[in-house]
Amino acid sequence: MYPGNLPVYPGRIPLLGNISLFWGSTIEVWEKIKKVSIFSTENGDVVMFYLGIIPIYVITDPDDCSKVMSSSLHRPGIMKKFSRQFLGNGLLVSPVSVWKEHRKIINPTFNQQVLDSFIVIFNSQSRRLVERWRSYAGMGSFDHQLCLEKNTLETVCLTTAGIDITDQNEFNEECLMAYRTVLSSLMDRGRNPLLYINCIYNMSNLKKAEDRNIKITHDLTNLVLKRKREGYKEINNNNSDSMFKPFLHRLLELTSKLSEQDIREEMNNIILTGFETSSGVLLFCLLLIGTYPDVQEKCLKEIKEVLGELDRDVTKEDMSQLKYLEAVLKETMRLCPVVPMTGRIITEDMQLKNAVLRKGHLCVVSLYGVLNHPMWGKDVNEFSPERWLDPTRLPQNPNTYGVFGYGRRNCIGKVYAMMTMKVTLVHILRAYRVSGQYHQMRIKNQGINKPADGHHISINHR
Ligand code: HEM
């Protein structure tokens, strides 16, 4: 069905479509995502590009994005096709029928009481990070990306599965590299339409690397599951009333509803979505805080007011009082969204503000476009945490803040993410003065956005 008479992104070639959008380095991919989003906001917030002869919508209006994502729960099948082996039928890629059932079961495992019981781990992990960074203090710039990713992977493994991979350094590194490589192989495949054809992809080196790394991640989840089944029995036999219970234990209580394979796949989904995203936000946030010393001082002032001068742990009561820190995190995620876009299949013809989207087509929802929409005002491109503390400086429309998606299929880990990021920042900023150079940073897109390599921070003891 012809999707309508909408502006098409320039550069379309007959039969090949906008093939040039798929070429280039991960840095160039990000530049193109931005350009397509800007093209959309300048052309009524709905445009198209072509993948070969297949038309694809791109939307950037906040209400339209909310409408599309709330009324269609179908993520593009291509995501599932590429990641079937890795993520199986987990939340991120499951078809709607499976997703509905699983999300209903998993939702309660992310409730506030469960998350509050994780604060002890968020604190101990943050202290661990501060200790690990001690040798970098005063030594010039260092690669904070790897350190943060490793630390958040450990945290997610601890809270998801109750398993401590922190002391097994090699295993930890190997898992981290495996998750990273699998994700980047999926993206490399996405950028090369030739590799969409299974028989070509199956013969490629990319596939060999993917298989190798998927095995490592599956070994991790299998090991975790085996140990936890044994441990879980013990805990149950001892009638332990411990407050802290990792997600996995809660899922194991539901074994009649979820098979072992379901649980393994959900674990892989939570580990992947959990560690790459929150470590990415922390990365950007530290670079920004390091670039704006006044923001850093305000954070520290607030931390001292809320927690006092003592080096004590952050409590759940402190969380809601750390308002400026929350504003800094929100502004970081607005300016540098780690998930800059997502997608839906349009299941029914849908009237948006300026166009009708036709059933059956793929629609790219540009979260970057929404978060940097002109609705944010003249200072849209500036880092200004203060805007979050002054309602007159925020857009009237609540849909303009779509960092965690919209509707029922939004991010299940959003509160978890905010909590763990806040606790980590408190510990880091209390221990170190951070310097960075945000304006020299270039971003790369590998499904999620990260700073391109080489944009490090430096730290000094306070
Ligand atoms: C700041 C960090 C994070 C950001 C910006 C983020 C962003 C998002 C977004 C935009 C989506 C929705 C995509 C869509 O609707 O198509 C999503 C989904 C999801 N996120 Fe997050 N996320 C973050 C942290 C986390 C964490 C920490 C976890 C787990 C511990 C997590 C688990 C998930 C899962 C499982 C889904 C799929 C939900 C479903 O389909 O039901 N995320 N995330």
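Numbering of ligands and ligand atoms starts at 1, following listing order.
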Of the protein's non-hydrogen atoms, which lies at the shortest distance from [atom], and what is that distance?
atom                    : result
atom 36 (C) of ligand 1 : Leu92 CD1, 4.1 Å
atom 1 (C) of ligand 1  : Val281 CG2, 3.5 Å
atom 15 (O) of ligand 1 : Arg344 NH2, 2.8 Å
atom 14 (C) of ligand 1 : Arg75 NH2, 3.1 Å
atom 5 (C) of ligand 1  : Val338 CG2, 3.6 Å

Next item on the list: Answer yes or no: does an N/O atom from Tyr416 fall short of 3.5 Å to an N/O atom of ligand 1?
Entry: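 It does not: no N or O of Tyr416 is found under 3.5 Å from an N or O of ligand 1.
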Margin query: Below 3.5 Å, N or O to N or O, backbone or side chain included: is there any such pair between Ser278 and ligand 1?
Written below: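 Not met; the criterion fails.
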Margin query: I'd like to know whether the aromatic ring centres of Phe284 and Phe383 sit less than 6.0 Å apart in this structure.
Written below: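 No, ring centres 6.0 Å or more apart.
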Note to self: Donor-acceptor pair, distance only, cut-off 3.5 Å: does the side chain of Lys35 make one with the backbone of Tyr9?
What the structure shows: no
Item checked: Glu265 (side chain) donor-acceptor with Gly88 (main chain) under 3.5 angstrom ->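 A pair under 3.5 Å: no.
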Checklist line | Geometric class of the Trp133/Tyr432 ring pair [parallel <30°, tilted 30-60°, perpendicular >60°] | finding: tilted
Check: With under 30° as parallel and over 60° as perpendicular, where do the rings of Trp376 and Trp388 fit, or are they tilted in between?
Finding: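 It falls in the tilted class, 30° to 60°.
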Note to self: Quick test of your reading: applying side chain to side chain donor-acceptor pair (under 3.5 Å), list the pairs with at least one residue in residues 270-281, sequence neighbours left out, ordered by first then second residue.
What the structure shows: Glu276-Lys450
Note to self: For Arg442, is there an ion pair with Glu31 - N to carboxylate O distance below 4.0 angstrom?
What the structure shows: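 Here Glu31 does not pair with Arg442 in a salt bridge, since their nearest N and O are not under 4.0 Å apart.
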Notebook entry, point to check: For atom 21 (Fe) of ligand 1, how many protein N, O or S atoms lie at less than 2.8 Å?
Noted result: 1
Notebook entry, point to check: Side chain, backbone, both or neither: which part of Tyr406 has a heavy atom under 4.0 Å from ligand 1?
Noted result: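 Tyr406 to ligand 1: no contact under 4.0 Å from either part.
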Next item on the list: Look at ligand 1 and say whether Leu367 reaches it with a heavy atom at a distance under 4.0 Å.
Entry: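 Contact check Leu367 vs ligand 1: positive.
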Check: Evaluating non-hydrogen atoms only, which member of Val403, Thr342, Thr160, Asn410 is closest to atom 10 (C) of ligand 1?
Finding: Val403
